[in-house]
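Letters A, B, ... are given to chains in the order of the sequence lines, protein chains preceding strands, and every chain is numbered from 1.
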Protein chains: 2
Amino acid sequence: MSGVLNLKNRMPGARREIDLAALDFSNCPVRDMMQQIGGKWSTLLLEVLAAEPRRFGELRRMLPDISQRMLTQTLRDLQRDGYIAREVFPTKPPSVEYSMTELGRSLYQPLSQLLNWAEANHDSVRAARSRFDSVDN
Amino acid sequence: MSGVLNLKNRMPGARREIDLAALDFSNCPVRDMMQQIGGKWSTLLLEVLAAEPRRFGELRRMLPDISQRMLTQTLRDLQRDGYIAREVFPTKPPSVEYSMTELGRSLYQPLSQLLNWAEANHDSVRAARSRFDSVDN
DNA sequence: CTGAATCCATTAGGATACTG
DNA sequence: CAGTATCCTAATGGATTCAG
């Protein structure tokens with residue numbers, strides 16, 4: 001499993017002789033997922049929902065600085081990719097509950113490891129950043 | 001390690017009683033890392049450099065559709081965060097080699113697990129997406 | 001060969017007002 | 001309560017040109 005081999009899988013058009021017209025990266029799994037996961041709110045919502053199902057208003061209160069526009073949109077995108085499920089309860093007024101799917105829990109296993117790494121190594125990253133900014137000015 | 005507890009760590013200002021003026025998310029480790037990792041080219045470059053060190057021109061050829069501007073910028077940002085090292089060889093014309101640091105290799109362990117997940121489950125995500133788009137119209 | 005600088009198009013995301 | 005719709009700003013990223 002060399003890097004180049006993986007790269008070829010993930011960028012189908014990456015060869016020595018490149019047919020620019022034939023390049024199509026819409027099928028790259030890594031980009032396809034990172035595009036969604038890399039959003040400003042996705043990981044935080046997955047973390048919250050990994051613990052337990054939550055209603056729309058609960059999520060809104062737990063993420064104090066999210067706009068309802070981005071909450072709606074991020075939840076819908078996560079649902080679209082199959083990571084979370086949306087269930088409507090016909091109460092008056094209606095309530096909606098969001099919860100992790102099996103696919104979402106499967107994703108959350110490697111994802112949470114990465115998030116744990118971020119917490120554990122945040123100081124090292126910040127230190128590297130300061131070092132870089134001081135020498136390079 | 002409940003979700004709420006983690007959330008509080010990662011969003012220092014997330015409480016019931018919110019002092020909006022005191023909110024400061026610049027210190028959230030998850031956002032701080034995902035902001036960089038979530039970029040369009042970061043993960044691909046880390047994958048390539050995890051295999052072996054590469055020169056600027058090599059990277060340019062291996063990622064056929066990256067612009068010079070984004071290659072330079074992404075490499076610089078990865079170096080700034082301490083994930084990769086940059087070494088200049090005083091040849092004529094000069095050559096520059098990029099390689100993983102220990103911190104970068106440390107990051108790459110959980111990261112590669114996530115990327116492997118993306119490859120293994122790409123079909124499931126695409127299927128979920130089609131399902132969503134067909135019912136919701 | 002390895003960039004820096006400039007200009008421009010696209011997108012992500014926030015503020016506000018309105019609805020079933 | 002759980003959203004839509006509209007408008008607007010900031011950030012990403014590509015194309016092109018210039019430089020050590």
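With rounding to whole Å, A/Phe56 atom CZ is found 15 Å from C/dG20 atom C1'. Atom CD of B/Gln35 is separated from atom C1' of D/dA11 by 9 Å (rounded to the nearest Å). In this entry the distance linking CZ of A/Phe89 with P of D/dA2 reads 11 Å, nearest Å. As a whole-Å value, the separation of A/Asp65 CG from C/dA15 P is 9 Å. Between A/Arg54 atom CZ and D/dA2 atom C1' there is a gap of 17 Å when expressed in whole angstrom units. Between B/Arg31 atom CZ and D/dA11 atom C1' there is a gap of 15 Å when expressed in whole angstrom units. One interatomic measurement links the two molecules: CH2 of A/Trp41 to C1' of C/dT11, which rounds to 18 Å at whole-angstrom precision. If you take CD1 of A/Ile66 and P of D/dA2, they are 14 Å apart, rounded to a whole angstrom.
Looking at heavy-atom distances under 4.0 Å, A/Tyr98 makes contact with sugar-phosphate atoms alone, never a base. Contacts of B/Glu97 with the nucleic acid, taken as non-hydrogen atoms under 4.0 Å apart, are absent. Within 4.0 Å (heavy atoms only), B/Lys92 reaches no atom of the nucleic acid at all. Looking at heavy-atom distances under 4.0 Å, B/Arg55 makes contact with sugar-phosphate atoms alone, never a base. Note on B/Gln73: nothing from the nucleic acid sits closer than 4.0 angstrom, heavy atoms only.
At C/dA4, one or more side-chain N or O atoms of B/Arg76 fall inside 4.0 Å of OP1 or OP2 (strictly under the cut-off). An OP1 or OP2 oxygen of D/dA2 is reached within less than 4.0 angstrom by no side-chain nitrogen or oxygen of A/Arg61. Taking 4.0 angstrom as the limit, B/Arg86 places a side-chain polar atom (N or O) nearer than this to OP1 or OP2 of C/dG3.
In this structure, the separation between CG on A/Asn121 and OH on B/Tyr83 is 8.0 Å, given to the nearest 0.5 Å.
Listed nucleotides: C/dA4, C/dG14, D/dG3. Nearest to the side chain of A/Gln68: D/dG3. Of the candidates C/dG3, C/dT16, D/dA15, D/dA15 carries the atom nearest the B/Arg69 side chain, counting heavy atoms from C-beta on.
Residue A/Glu102 places its CD atom among 12 or fewer non-hydrogen atoms of other residues, nucleotides or ligands, all under 6.0 Å distant.
In this structure, A/Asp65 does not pair ionically with A/Lys40, as no charged nitrogen and carboxylate oxygen lie closer than 4.0 Å.
Follow the hydrophobic side-chain contacts under 4.5 Å out from B/Phe56 and you reach B/Val88 in the same cluster.
The main-chain N or O of A/Ser106 is never found under 3.5 Å from a side-chain atom of A/Gln109 such that the two would form a donor-acceptor pair.
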